[in-house]
Amino acid sequence: LIDRRDSLTIGAGSPGVSLEFPFMVKNYGDDITRYPMEELKRYKLIFLVEPVVESLEQAERVEEIVEELVRSGTLVVIEPS
């Protein structure tokens with residue numbers, strides 16, 4: 001079975017988003033820093049819903065990941081809590 005969806009939702013609020021927008025994949029975790037970059041770059045759109053940011057270091061890492069994704073052509077939408 002091949003899943004051709006090209007949008008990913010990550011974060012504490014992502015279950016509701018993926019129910020409302022079934023074309024978006026709800027993946028296995030809420031913390032974008034735990035995903036391999038190769039996996040994230042497979043998606044055209046990543047929707048961060050209430051992203052997990054528990055420290056300044058983690059916030060900086062999330063920012064680095066988002067910058068790299070945007071430079072590679074991925075659209076990243078962030079909805080803070």
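Taking both residues in full, the closest heavy atoms of Val49 and Ser14 are given as CB-N, 4.0 Å, listed atom of the first, atom of the second, then distance. Contact record, Gly11 with Asp30: O-OD1, 3.0 Å, taken as the closest heavy-atom pair. Heavy atoms only, all atoms of each residue included: Pro51 and Pro80 are closest at CD-CA, 4.4 Å.
Between Phe47 and Ile10 there is no side-chain heavy-atom pair separated by less than 4.5 Å. Side-chain contact between Ile46 and Leu75 is absent, with no heavy-atom pair separated by less than 4.5 Å. Considering only heavy atoms from C-beta on, Tyr43 comes within 4.5 Å of Val25 through its side chain. Between Ile65 and Leu40 there is a side-chain heavy-atom pair separated by less than 4.5 Å.
Hydrophobic clustering keeps Val53 apart from Leu56 (ILVMFWY residues linked when any side-chain heavy atoms are closer than 4.5 Å, directly or through intermediates).
Qualifying salt bridge (Lys or Arg N to Asp or Glu O under 4.0 Å) partners for Arg42, counting only residues two or more places apart in sequence or in other chains: none. Listed by chain and residue number, Val52, Gln58 satisfy the side chain to side chain contact (heavy atoms under 4.5 Å, CB included) test with Glu54 (two or more places apart in sequence, or in another chain).
Among residues at least two apart or in separate chains, side-chain hydrogen bond (donor to acceptor under 3.5 Å, both in side chains) pairs with a member in residues 65-79 are Lys41-Glu68. Among residue pairs with one or both ends in residues 56-66, those qualifying as salt bridge (charged side-chain N to carboxylate O under 4.0 Å, His left out) are Arg61-Glu64; sequence neighbours excluded.
Of the inter-residue distances, the one linking Ile78 atom CD1 with Ile32 atom CD1 reads 8.0 Å to the nearest 0.5 angstrom.
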